[in-house]
Amino acid sequence: MIKRPLAAVALTAALAVGAAACGGTTKNSSASDNGGAAATSGAKANPNAPLKKGLKLAFLPKQVNNPYETIVDKAGIAGAKEFGGTAKEVGPSDASASSQISYLNTLIQQRQDAILIAANDPNAVCGPLKQAMSRKIAVVAYDSDAAKECRDVFINQASSEEIGRSEIKVMSDLIGGKGKIAILSATANATNQNTWISFMKEELKKPEYSGIQLVKVAYGDDDDQKSFQQTQGLLQAYPDLKGIIAPTTVGIAAAARYIDSSKYKGKVAVSGLGTPNQMRKFVKDGTVKKFELWDPANLGYLASYAAAALASGQITGAQGESFKAGKLGSRTIGKDGEVILGPPTVFDSSNIDNYHF
Ligand code: RAM
């Protein structure tokens, strides 16, 4: 299971600050409590402002043909209906660094009230995002962050540190704390995967993992075929590999499919982040014992409400501000404009049939 104390401490601290913000204080934030432009421009939040009707929201995922992103955005679009807004999803079919820029330019021209982006690269999208903010378009990063100064808030699926560290813990359990492992990531620029991987590397420094050797980080670019081939390549280069961590739903499904039909089945552990629907078959046939994820639908829903709160002036993105996120209740903005959805769930054969996404 995921260790909780860190999140609990962070949450308690955030709630304490949030309570102050709810008491009617408006907050002029400084660069130290949030890099978001609205927050740093001195705009004032009005926690009692009603959500505006008819808000236009646009979701720009890493790529549109990724089942994970589809779940997130669909739920975000449904969420917008609850507060009388309209939302749509537009985006590229590949997750390369620059693939989102032309979409951003169009959304700015269309004068959307909010742009929600899962950034393929934290910096490549910065220019157009800053332009959007200068035109009073709220910018919400979700799933994969943009550079802090280029968005108002970041809706993170779970604590990045907890995700990274727990991936190592899970893999260590699966391989008995010994052997070579590799990481099969998404794209080389993805903010979310790179942050998780840096925490995985940190975790690996602990003495209890001294028997584990990370031999390679490979990139499948969140492309099914490329991820499959990269898995094959890893096993060719390291036939004695003991485990693959794929912190991407596309990567883990492709890695599991390769291992399932190869001579490495039962010898190489596959873990990481996956959707229960894509992983069910591999859990049932024993290829995958354990993996993790959060509820992607709740991520999109939370992002939608954050966008509406920003576009309505309820929040500016400053640390300590709170907003109501429909069925998810009140949420408070933490350090660096980050809002955390909650701890991930660990799936295995005992619980996977309780989840259908
Ligand atoms: C893939 C994407 C996404 C990530 C999930 C876990 O679908 O890379 O950004 O959050 O995996």
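Just follow the structure's listing: the first ligand is 1, and inside any ligand the first atom is 1.
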> Using 4.0 Å as the upper bound for N to carboxylate O, is an ion pair formed by K206 and E203?
Replying inline: yes
>> Angle between ring planes, Y355 versus F357, binned at 30° and 60°: parallel, tilted or perpendicular?
In response: perpendicular
>> Is the positively charged end of K216 above the ring of Y238, judged by distance under 6.0 angstrom from the centroid and angle within 45° of the axis?
In response: no
>> Rounded to the nearest 0.5 Å, what separates atom CD1 in I333 from atom CD1 in I155?
In response: 7.5 Å
> Can you name the nearest heavy-atom pair linking L184 to S227, along with the distance?
Replying inline: CD2-O, 3.8 Å
>> With nothing but distance in play, are any N or O atoms of T249 less than 3.5 Å from an N or O of ligand 1?
In response: yes
> What atoms in ligand 1 come closer than 4.0 Å to a heavy atom of Q157?
Replying inline: 10 (O)
>> Tell me the protein heavy atom at minimum distance from atom 9 (O) of ligand 1, and give that distance in Å.
In response: D143 OD2, 2.6 Å
> Which ligand 1 atoms are under 4.0 Å away from a heavy-atom of N66?
Replying inline: 1 (C), 2 (C), 7 (O)
>> Let me confirm one number: the CG-CD1 distance from L241 to I175, rounded to the nearest 0.5 Å.
In response: 8.5 Å
> Which of the atoms in ligand 1, numbered in the order shown and given with their element, are less than 4.0 Å from a heavy-atom of K62?
Replying inline: 2 (C), 3 (C), 8 (O), 9 (O)
>> If we only consider heavy atoms of W196, is any one of them less than 4.0 Å away from an atom in ligand 1?
In response: yes
> Taking only heavy atoms of D222, which atoms of ligand 1 are found under 4.0 Å from at least one of them?
Replying inline: 1 (C), 2 (C), 8 (O)
